[in-house]
Amino acid sequence: MTDQTAAGLRIRDLRVVFDGFVAVDGVDLDVPRGDLRFLIGPNGAGKTTIVDAVTGLSKATGSVQFGEQELLGREVHRIARAGIGRTFQTATVFEELTVLQNLDIAAGAGRGFARLLRRRRGVPEAVERVLGTIHLADATDRLAGTLAHGQKQWLEIGMLLVQDARLLLLDEPVAGMSHEERDATGALLQEIADGDRTVVIVEHDMEFLRKFARTVTVLHQGRVLSEGSVAQVQADPKVQEVYLGTAADAAVVAEGVDGVDGAGVDGVKVEG
Amino acid sequence: MAVLTQLFTGISFGAVLLLVALGLVLTFGQMNVINMAHGELIMAGAYTVYMLQKVVTSAGASLLVALPVAFVVSGLLGLAMEMLLLRRLYHRPLDTLLVTWGLSLVLQQAARDLFGAPNKQTAAPEWLTGAVEVGALTLPASRLFILAVAVVAVGGLSVALTATSLGRRIRAVVQNRNLAATSGIPTARVDRTTFFIGSGLAGVAGVALTLLGAIGPSMGTSYIVDAFLVVVAGGVGRIQGAVVMAFVIGMLNALLEYQVGASVAKVLVFVAVVLFIQWRPQGLFTLRTRSLA
Amino acid sequence: MSRQSTRRTALTALAATVALTLAACGAKSGETSTATTAAATADTTGGTVKVGLLNSLSGTMAISEVTVRDSLLLAVEQINASGGVLGKKIEPVSEDGASDWPTFAEKAQKLISVDKVAATFGGWTSASRKQMLPVFEKNKALLFYPVQYEGLEASPYIFYTGATTNQQIIPALDYLKGEGKKTLFLVGSDYVFPRTANKEIRAYAEANGMTVVDEQYKPLGNTEFSAIVDKIKSSKPDAVFNTLNGDSNVAFWKQYKSVGLEAATTPVMSVSIAEEEAKAIGPQYLSGQLVAWNYYMTTDTPKNKEFVAAYKAKYGEDKPTSDPMEAAYVSVFLWKAMVEKAGSFDVEKVKAAADGITFDAPEGLVTVDGSNQHIAKTARIGKIGDDGTITEVWNSGKPIEPDPFLKTYDWAAGLS
Amino acid sequence: MSALDRLTRPGPLRAALGFGLGALVLLVVAPATLSQFRLDLLAKYLCFGIVAVGIGLAWGRGGMLTLGQGVYFGIGAYAMAMHLKLAQTPPGELPDFMQLYGEVTELPLWWQPFRQASVAVPATVLLPMLVAFVLGQAVFRRRIKGPYFAILSQALAAAMAILIVGQQGTTGGTNGLTDITSFFGYDLGDPVNRTTVYVVVAVCLLGCLAVARQLMQSRYGELLVAVRDAPERVRFLGYDPANVQTFAYTVAAGMAGLAGAMFVCAVQAINPASIDIVPSIAFVIGVAVGGRATLLGPALGAIGVAWLTTAASEALADRWTYIQGGLFILVVAFLPNGLASLPRVVGDAVRRRPAEVTS
């Protein structure tokens, strides 16, 4: 075990059970600090459930450590304050608040009570910086509900940035985006995962994965099936057999044919 | 023997609670409409008995005829509410509470204008005014009748929801409206049917209540809070939850009343239910999903 | 931004200044004058005189109070037909107390200060009376309260034309004692009248060799009586004393019969069931049971025949008359007599003229006792028949002098 | 942008204008033009307005539909009434109703602290806040919300009313505490003193509006809206939504308590009928009619509905319930943001744009 893994995300024997259904069945997972990890797998593989368990939404057994801290058993907002941020499959922003207000709230979890009760004057520096990064500098006073789909997803990522999350867990961040937006988002994520921030992405979009993933973990029926670089995983016969079913589909994934993205491989993407 | 009598009293309380709450399992539980006018739908059922007895003079026959007729009368009243007002409020459940509160005021006043402010008298058949003696136990016939009505209503509703295509449609719409719509289920019609049945059950409860209490404009108000507590504590939308909670609350209320009197018993029951909801915010039976929030 | 907040500060300051100025004025006059309240003056300048009718026309109490209002209107109509009061026609102003006690106070004040009524008639529950009492005392205006009540009160600005306890409850107890009833079960609605009445009943029972086996209350409007009837059945009292009110009564009777309790074995003495209520409950549940009042629709006086006929002619053949309705009807005539004796609508003069006023009422002769402003009434015990009518089985022979504080009863010494 | 537009748009200008106008009308115009009777009534309505400001915060901004504000209104009212009752009772004697019902021979322990004004007056606000804090922490931590919270709070209001009714000997039962004649030594029969009470009530209302405005405009206000719309998202940003909700709920309870205390001074009585489910819902109805999420809407709505109730029942003693019920139905169903949104809805209609609907 290197120093890097110790400081990153370290999951041991994670189990999540819903009413007798084992959604995650003893997963071990290490994501070194600064990595850009993709979690893939068919529906019901347990991808989102792992994210839920790490962020405290679902009850789980086992161990989840980030840095030196054990996360399991802590309340959701305490985990968030420990530097874990996440997004959801459907972009969840505060639609009746402006872009600025959304970011200001994300930036403010550490604020004291007295500061909360005062009015915001001007734009906090952290927010100012992120506004540029997520290309929303022109839209600070627009209601988040009126933003375009891709802009909302950027706003969510921006909220994670001002929140100063060390571990970012993103659930399908580019779903529904245009090609240009996907590339911009990918570049942004690579930029984010370039220091001491660790990024874990649940994604179906194979082209996006091929282009931007540094490492990939493949899940199947609540267990880790394969792990490694994109090339390693693609070459893994177990992945081809179980996850992709036929060799023809495997070829599609390997080549990332335009127009056939995650939805094509995975069918309906309803997990909620 | 005293214990058995107290248990039966508890069951009697429970049967009434179950009857008045059953319709809410559909309208509140399945459709998220907080119908504060549910009590007035009960009232409509009770007045149906009163009106029917002007035509069908035999007390027994009129009561039995009133059961289906009141189901239709209250159901139609509910249907009118749904079509005129509530359908535009499905995405605002809390607002249904306010609108139906206004409706309940209007319906009470309407009853006062139509039937007069004083309570109305209905005749109960002789076989329902006495008691059945089982050993030293005295079981009021009216209570047994209400228990039977409650059992039939619960059974009928369960069968309707699980074994008929209508029931499957109702559940499909509740679980995923959009998916149901895209699968070709006419959701608006299913909504109307659901509301019709839920309201109709209130009418049936109203018929049963004529055996126990007053038939008057404000008769519904005394049941509404209890009825909602049963549904909430039982787990919204769960018939078995409503059944269990109705009898648990009824039993608790009855046993406490023997000990500390009715007023304090009522307060303790309310507090107990509030604490129970603290313990199980989703109620006794829950449909667990992975959906957020 | 800063300009606006300056403006806001200025406005706040203005508001505060006005507030302080007014507060200061209040303080000054408050110290010097404690009795600046002007006595209410009725507006009698025109050809008419206004009176207020204050009854619940909506809410739970509408059941009972609407009939009282109807009865008051009948009295007003009859008086107007015979020339009015002091040559002036009565103009009734009806307000809705809405079964909400603060509303009674609000409407009472409105009748006094906006409509400038010469007197107000109405109220039913103790709570509504207690809310109105300070309003009438403060304004020195008159209220005529037409319902039997728990006693222990004698406001100088209220005339009580219903029975106080010694004209209804004590005669009822005397009757039960005379029938040889030794054990009593008390059941009542959870509010002031039943609780106070039951306290008096307990004291009476203790002094007269009777036992109270149990005392049970139900919140108003509650309709679940299984537990109580079960307790009655198992404790086997000689009689039940019933002070339930409103919807609960219907539920009580239906469930009383459903466990096999009968008038023959366990009679119930009720003090809040009159003809109207009996009609709503149904004679099949009430047949043979006892009630205590001062008046029944069947009370055999020539005046009553006229009253019942007039009421039915105005409101319908199927409409019964009852004790509170009669007491309300009488109260208007008593007021008329007082005003005519005083020769003035002035409240103090009317009060001064009140003592000894008599009226040949449907219930028989009634006399106003000026010392406590109650009226002497004949107590009557009635039995409910198979058809729902109430027939008298006993009466006190002569009007009973009102004694709201039960001063003439030794056993009641510790009560107030 | 026309001048009218600027004045009717939400913003500091409109708020300042509204506040100033309100102060002017309440403190100068109303006392100068209304009869004593109407001014007393207005004082009562303003008390409902104060409750409504709190509900606007908790429900309009925070999404917590509280159908049990009667509980807090009642605690404040009874605390104040108990003090005033004790203050006008001669030393060594029991308050009149305790003598009358004679169930106790000495003052119950829980009455004792209210003898001191220094305890009773702060208690009218702090006691409701304390109860709301405890309840809020319990309820919101268990993530009870929406209809569940509404029904639960309603049950509490019913329970409290039944409890008070049942303890006649120490609470006055259904009669409540009546015949309160003086307010800290000032005779409440004196019209000048009653006007003073009115002014105090009006100033309290303006004060509550100022507090509510500050909270709505602050970062906390933004956070509260965020919690209302997406509580889980807020949680994942590192906040505990339960605390955010509890704070607004507690403030609302404090306002309800203050209103209750003022109500006792204005009406000179309190009884369980004023704190039961029906008045609790009536508070909310006023808020909904006025416009739940706005600053002035709730207060104006509550005052307006109370006024309309009086006016309608005076004009049509029999049929006024139709007007009242009909108004609730029409406004809530067809104008979900209340009458406060009427100008915008009309404006939108004129511009042929569908009105924005939020719940």
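Each chain gets a letter, A, B and so on, in the order the sequences are listed, and its residues count up from 1.
- Ile34(B) touches chain D through its side chain: at least one heavy atom from C-beta onward sits under 4.5 Å away, while N, CA, C and O do not.
- Proximity to chain B is limited to the side chain of Leu67(D), based on heavy atoms less than 4.5 angstrom apart.
- If you tally non-hydrogen atom pairs under 4.5 Å between each of Leu85(B), Val273(B), Val267(B), Val269(B) and chain D, the highest count goes to Val267(B).
- In this structure, the side chain of Ser280(D) engages the main chain of Asp276(D) through a donor-acceptor pair within 3.5 Å.
- The most heavy-atom pairs under 4.5 Å with chain D, out of Leu107(B), Val271(B), Val225(B), come from Val225(B).
- Between chain D and the options Thr96(B), Val231(B), Asn32(B), Leu97(B), the largest number of non-hydrogen pairs under 4.5 Å is found for Leu97(B).
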*asked:* side chain to side chain contact (heavy atoms under 4.5 Å, CB included), that's the test. Do Leu157(B) and Leu26(B) meet it? Break it down for me.
replied: CA-CA 9 Å; Leu157(B) 186 60; Leu26(B) 282 181; 3.7 Å; yes
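- Interface remark: Ile323(D) contributes no atoms to any contact with chain B (heavy atom separation under 4.5 Å).
- Residue Ile162(D) touches chain B through both its backbone and its side chain, counting heavy-atom pairs closer than 4.5 Å.
- Both the backbone and the side chain of Val278(D) come within contact range of chain B, judged by heavy atoms closer than 4.5 Å.
- Shown are Leu201(B), Val20(B), Leu77(B); of these, the side-chain contact (heavy atoms from CB on, under 4.5 Å) with Leu41(B) is made only by Leu77(B).
- Leu327(D) does not touch chain B: none of its heavy atoms, backbone or side chain, sits under 4.5 Å away.
- Panel note: side chain Arg142(D), backbone Gln278(B); a donor-acceptor pair is recorded below 3.5 Å.
- Side chains of Phe28(B) and Val33(B) form no contact here, defined as non-hydrogen atoms less than 4.5 Å apart.
- Of the atoms belonging to Ala155(D), heavy atoms from both backbone and side chain fall under 4.5 Å from chain B.
- In this structure, Arg292(D) contributes its side chain and Pro336(D) its backbone to a donor-acceptor pair below 3.5 Å.
- Interface residue Ala110(B): backbone and side-chain heavy atoms are both found under 4.5 Å from chain D.
- For a residue to count as touching a neighbouring chain, one of its non-hydrogen atoms must lie under 4.5 Å from one of that chain's; by this rule Leu89(B) touches chain D with the side chain only.
- With chain B as the partner, the residue from Gly166(D), Ala138(D), Gly63(D) showing the most heavy-atom pairs under 4.5 Å is Ala138(D).
- Enclosure of atom CZ in Phe115(B) by more than 12 non-hydrogen atoms of other residues, nucleotides or ligands within 6.0 angstrom is indicated.
- In this structure a side-chain-to-backbone donor-acceptor pair under 3.5 Å is present from Arg61(D) to Ala293(D).
- Of all heavy-atom pairs spanning Val332(D) and Ala288(D), the tightest one is CG2-CB, 4.0 Å.
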